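In what follows, a structure is listed as structure tokens, so that the remarks can point back to it.
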2 protein chains.
Amino acid sequence: MVKITDVARHAGVSPSTVSYVLSGKRSISARTRERVLASISELGYRPHAGARALASSRSNVLALMIPLRSGIHVPVVMRIATAVVTAARRHDHDVLLLTQEEGVDGLRRVADSALVDALIVMDVQMRDPRLPLLRELDLPSVLIGFPAEPAGLTCIDLDFRAAGEACAARLAALGHRSVALVGSPPEVYARQTGYAQRVAEGFTAAVRAHGMTGEPHPCESSPEAARALVDRLLAGQPDLTGVVVHNEPIVEPLVRAFRAAGRRVPEDLAVVAICPEEQAEHADPPLSSVAIPAEELGRRSVELLMSKLGGEPVPPATLLPPRLTVRASDR
Amino acid sequence: MVKITDVARHAGVSPSTVSYVLSGKRSISARTRERVLASISELGYRPHAGARALASSRSNVLALMIPLRSGIHVPVVMRIATAVVTAARRHDHDVLLLTQEEGVDGLRRVADSALVDALIVMDVQMRDPRLPLLRELDLPSVLIGFPAEPAGLTCIDLDFRAAGEACAARLAALGHRSVALVGSPPEVYARQTGYAQRVAEGFTAAVRAHGMTGEPHPCESSPEAARALVDRLLAGQPDLTGVVVHNEPIVEPLVRAFRAAGRRVPEDLAVVAICPEEQAEHADPPLSSVAIPAEELGRRSVELLMSKLGGEPVPPATLLPPRLTVRASDR
DNA sequence: CTGAAAGCGCTAACAG
DNA sequence: CTGTTAGCGCTTTCAG
């Protein structure tokens with residue numbers, strides 16, 4: 001293994017000079033920098049991560065804790081994760097993967113052992129058991145999602161309330177009067193995951209504000225559940241002409257179920273979804289939708305952490321505004 | 001931060017004794033072990049990962065490189081990843097997440113900097129550019145997937161050839177004579193990803209061996225592509241009565257397309273899928289299928305690495321035998 | 001602008 | 001069965 005003293009000897013400088021060339025923490029004459037860099041690449045030098053972490057008390061690793069549970073949409077989690085990795089690499093950091101299963105102890109473990117410099121936590125619940133730890137830890141952290149009491153934390157998410165509002169407002173603007181929200185599975189509401197509730201709130205507020213009628217309906221993520229809900233919906237609300245869907249796996253089964261029940265989309269029924277852009281584009285018909293900005297969430301989480309690690313202040317709350325793209329599923 | 005000397009002082013022993021209590025690398029009297037453990041938990045001691053890595057030249061971290069590309073099925077990747085993390089934790093290791101995007105350089109980087117002790121690489125191509133590095137590195141590695149030339153490497157995967165065979169053999173046993181394989185998207189074959197080819201080979205061999213007729217048909221992962229393929233298939237092979245599908249996202253669109261073309265499943269057409277168990281169970285009708293053993297692949301990859309790290313010999317190739325579960329989609 | 005040297009916290013000989 | 005001690009490879013004062 002080639003080490004910093006090897007590089008120093010080869011370049012005819014001291015180890016500290018090599019270190020400073022790499023870190024840029026003090027000015028180095030152009031000539032010695034050149035020589036050092038040449039030696040580094042000639043010898044194929046790569047600093048030992050552990051040694052560096054020990055000496056500098058910075059591991060250059062971020063922890064990302066991902067959810068495993070039912071009711072979450074896997075592709076979105078995956079996109080966020082890869083966006084986090086990509087963004088972290090741009091800032092010369094790596095990403096350690098933790099699962100929700102590890103819980104509070106897992107976070108404490110990687111923090112206390114100095115394995116990581118900062119934490120990103122996904123799938124935040126209203127009263128998340130991890131919050132006390134995140135507040136007391138002196139490692140910076142970012143939550144993707146908003147708990148009930150975000151004071152003292154840094155949170156980022158799509159503004160789901162505004163998204164729910166925007167979808168309902170869109171239906172109102174098209175002249176619909178009787179609408180419905182097909183929401184996340186009941187267990188997602190039950191465990192008080194914020195985004196599901198917030199969509200429902202935004203939807204309900206906009207329905208009221210625009211003088212429409214209609215309510216949120218939690219729905220399991222299975223085609224059968226979608227079909228059953230369609231039956232119930234049309235029985236209880238026969239004049240229904242507009243639907244907002246916020247439940248990725250059943251977006252298409254739902255459209256088919258309506259079709260099977262004699263409601264064509266968009267001729268008889270307007271559908272607006274909250275789902276990943278790609279899914280909306282590839283649906284039949286392509287869905288008017290509010291996109292879930294997975295890449296942006298991942299990237300900006302990392303950027304927030306980098307600012308915090310750099311000692312810069314960051315906004316405690318970042319709500320990404322919903323962007324509604326009109327496609328072919330509503331009119 | 002509480003360190004090993006603090007624990008040692010508190011327990012009235014030397015730092016090395018604390019270290020040995022933790023590592024178990026030499027025998028400690030029950031009494032001092034008790035005392036040390038008590039001090040550890042009382043003080044909340046957690047060894048500094050960097051210091052430990054530096055002193056022991058073991059980071060206790062595994063790298064997992066996941067694919068990002070089109071044509072791979074995200075839920076399976078995610079399941080493998082979480083299985084790897086879970087298994088790694090059982091062996092007191094953590095997992096560093098790398099993306100395919102980082103390529104060979106990424107692997108070299110984490111290896112050379114001693115960030116990780118071992119590597120797991122997914123989505124292996126027939127002639128994968130990462131193979132030379134993996135062969136020359138002195139870090140243990142495991143490939144999930146088989147390249148054309150696996151000599152000198154440790155590989156594990158579902159036996160996709162046997163899976164293709166088993167599906168075709170099942171159709172043969174049911175008396176079908178004219179069959180087809182609906183395979184992965186063309187780009188997956190084009191980049192010589194082994195599993196797609198192997199399914200096709202196994203399928204073709206079994207078709208021939210059982211005196212049936214039928215061929216593999218690559219197919220894009222979109223419902224339109226599935227519909228188009230169904231049209232072509234029925235036009236060119238009107239006596240078709242059995243289909244093997246190996247393309248997760250279009251399994252259900254394909255069944256619907258056949259139905260729309262007047263072929264009910266399973267009455268007019270037998271369908272056998274190669275897909276995750278969960279997907280097969282929830283399809284309509286539930287699909288007879290060969291499961292993709294994501295959890296087992298992740299877990300056993302880790303176990304192989306642990307054996308290698310422990311200096312034990314491991315089999316160079318592990319092919320998990322296909323298990324066909326009969327459900328309602330064939331008869 | 002550069003060097004010398006003191007640790008960072010832990011492990012693993014070596015010594016008893 | 002336990003203690004002493006010499007590093008592991010790097011960063012960062014302190015000195016010049």
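Since the structure is predicted, the reported quantities are computational estimates derived from the model, not experimental observations. In what follows, chains carry the letters A, B, and so on, assigned in the order in which the sequence lines appear, proteins first and then strands, with residues in each chain numbered from 1.
Partner of L304(A) under the side-chain contact (heavy atoms from CB on, under 4.5 Å) criterion, chosen from T318(A), L309(A), I120(A): T318(A).
Within the 4.0 Å cut-off from OP1 or OP2 of dG9(C), not a single side-chain nitrogen or oxygen of R52(B) is found. Residue K25(B) places at least one side-chain N or O under 4.0 Å from the OP1 or OP2 atom of dA12(C). Proximity of T17(A) to the phosphate of dG3(C): a side-chain N or O atom is located under 4.0 Å from OP1 or OP2. Considering only side-chain N and O atoms, S14(B) lies under 4.0 angstrom from the phosphate OP1 or OP2 of dG3(D). Between T32(A) and the phosphate of dT2(C), there is a side-chain N or O to OP1/OP2 separation shorter than 4.0 Å. Taking side-chain N and O atoms only, S56(B) has no distance below 4.0 Å to OP1 or OP2 of dC10(C). Residue S29(B) has a polar side-chain atom (N or O) positioned under 4.0 Å from OP1 or OP2 of dT2(D). Taking only side-chain nitrogens and oxygens, Y45(B) comes nearer than 4.0 Å to OP1 or OP2 of dC10(C).
Looking at the side chain of A51(A), the nearest of the listed nucleotides dC10(D), dT2(C), dG3(C) is dC10(D). With distances taken from any side-chain atom of A55(A) to the nucleotides dG9(C), dT11(D), dA12(C), the minimum falls on dT11(D). The listed nucleotides are dT2(C), dT11(C), dT13(D); the one nearest the side chain of I28(A) is dT2(C).
Residue V13(A) is in sugar-phosphate contact alone, with no base atom involved, counting any heavy-atom pair closer than 4.0 Å across all strands shown.
In this entry the distance linking OH of Y20(A) with P of dT2(C) reads 13 Å, nearest Å. The distance from atom CG of N60(B) to atom P of dC8(D) is 21 Å, rounded to the nearest whole Å. As a whole-Å value, the separation of D6(B) CG from dC10(C) P is 8 Å. For the pair H48(B) NE2 and dG9(C) P, the interatomic distance rounds to 7 Å; values are reported in whole Å. When the C1' atom of dA12(C) is taken as reference, atom CG of L54(B) falls 13 Å away, rounded to whole Å. If you take CG of L115(B) and C1' of dC10(D), they are 14 Å apart, rounded to a whole angstrom. Distance R9(A) CZ to dG3(C) P: 14 Å, rounded to the nearest Å. Across the protein-nucleic acid pair, R35(A) atom CZ and dT2(C) atom C1' stand 11 Å apart, rounded to whole Å.
Salt-bridge check for R9(A) with D6(A): passed, with a basic side-chain N closer than 4.0 Å to an acidic carboxylate O. At a threshold of 4.0 Å, the pair R79(B)-E278(B) counts as salt-bridged, since one of the basic side-chain nitrogens sits closer than that to a carboxylate oxygen. Taking 4.0 Å as the cut-off between side-chain N and carboxylate O, R299(A) and E295(A) do not count as a salt-bridged pair. Under 4.0 Å is where a charged nitrogen must lie from a carboxylate oxygen, and between R109(A) and E102(A) at least one such pair does.
The base of dT2(D) lies close enough to the side chain of R26(B) for a donor and an acceptor atom to sit less than 3.5 Å apart. The base of dT4(D) is paired with the side chain of S16(B) by a donor and an acceptor separated by under 3.5 Å.
For the residue pair S16(A) and S19(A), no side-chain donor N or O sits within less than 3.5 Å of a side-chain acceptor on the partner.
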